[in-house]
Participant: 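Before I ask anything, let me first share the structure, which is written out below as structure tokens.
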Amino acid sequence: MPSTPRPKLGQHFLADSRYRERILDALPWRADDLVIEIGPGRGAMTGLLAERVRKVVGIEIDSALALQLQNRFAQDAGVAILHADVLSVDFTELCRQQRLTECFVFGNIPYYITSPILHHLFAYRNCLRAMGLLVQREVAERLIARPGSRDYGYLTVSTELYSQARLALAVPPGAFSPPPKVQSALVTFQMRPRFPHWTRKECDEFLEFVKRCFAQKRKTLLNNLGAIYAREQVAAALAEAGHAGNLRAEQLSLDQLAAVFKTLRPRAK
Ligand code: SAM
């Protein structure tokens with residue numbers, strides 16, 4: 001008997017076999033990949049992936065589910081199940097244990113910790129080749145938004161800094177058991193630094209800057225950045241980049257935000 005789903009752990013299992021196949025087809029896995037699966041749950045995708053790739057390592061926080069999966073795959077050298085919180089997992093170390101330098105990450109992820117998971121994954125970007133994550137449709141729209149759109153913001157810019165993301169498949173609530181209250185979507189990411197020459201420190205500082213830029217979305221960039229830089233410096237930096245003073249952050253592309261950041265960086269208050 002399968003255990004009762006635990007809503008607090010975001011348990012919505014992929015029950016529709018047609019969607020499992022569609023997801024599998026849409027994921028950019030390679031046969032020689034180490035796939036790290038976040039929250040394998042009852043193993044809806046684990047076995048399917050294991051038949052196709054070098055190895056699947058599943059990270060499951062629910063002890064009962066982790067144990068069931070460990071038993072199910074006990075004879076399968078291509079699958080390992082860790083009972084752990086994904087947010088405490090060192091992805092570089094997992095790759096190293098498999099004598100590899102990079103991996104592919106898949107997850108029908110628990111929606112209650114979407115942002116922390118993305119943040120954690122981006123911290124390990126150097127060992128991620130690509131990813132496929134099932135997220136709320138609303139989050140998917142934010143991940144792939146274009147400048148000027150309602151959904152464009154910090155999440156979009158941080159995603160674009162580290163990867164090329166694409167909405168690969170829309171998934172309706174009925175594909176899951178129990179069905180979530182929201183629509184879902186599979187987003188695929190090819191990990192590719194936008195500014196390969198930037199150090200980790202520069203990337204972190206830039207994202208702090210971007211957070212500031214979007215601190216109050218309806219405010220102008222001048223007002224948002226006025227909290228950390230002298231207003232005349234911000235105005236000068238915007239003018240230097242050819243922007244009007246009443247510009248809002250959402251109107252600027254990643255490259256344009258980076259250009260303003262580079263101009264202002266040495267001039268912080
Ligand atoms: N992959 C399965 C599927 O598609 O049927 C289950 C997906 S369900 C949306 C999310 C899974 O993540 C659950 O099995 C849940 O127990 C697990 N989970 C929740 N929080 C977690 C965490 N912090 N670390 C690892 N797994 C977690």
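In each ligand, atom 1 is the first atom listed, and ligand 1 is the first ligand listed.
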Participant: Can you run down the ring-ring contact (aromatic ring centres under 6.0 Å, His included) pairs that involve residues 38-97, sequence neighbours left out, and say none if there aren't any?
Facilitator: F91-H120, F91-Y124

Participant: Measure from NZ or CZ of R42 to the centre of the six-membered ring of F13, then state whether that distance is under 6.0 Å and the direction lies within 45° of the axis.
Facilitator: yes

Participant: Please check if the side chain of Q251 supplies one atom and the backbone of R248 the other of a donor-acceptor pair under 3.5 Å.
Facilitator: yes

Participant: Going by atom types alone, do N223 and Q216 pair a side-chain donor with an acceptor below 3.5 Å?
Facilitator: no

Participant: Would you mind checking if R194 and D255 are paired as a salt bridge, meaning a charged N to carboxylate O distance below 4.0 Å?
Facilitator: yes

Participant: Is the Lys NZ or Arg CZ of R212 less than 6.0 Å from the centre of F209's six-membered ring, within 45° of the axis?
Facilitator: no

Participant: I need the contact residues for ligand 1: any residue with a non-hydrogen atom closer than 4.0 Å to the ligand, ordered by chain then number.
Facilitator: L9, G10, Q11, H12, F13, L14, E37, G39, P40, G41, A44, I59, E60, I61, D62, L65, A84, D85, V86, N108, P110, Y112, I113

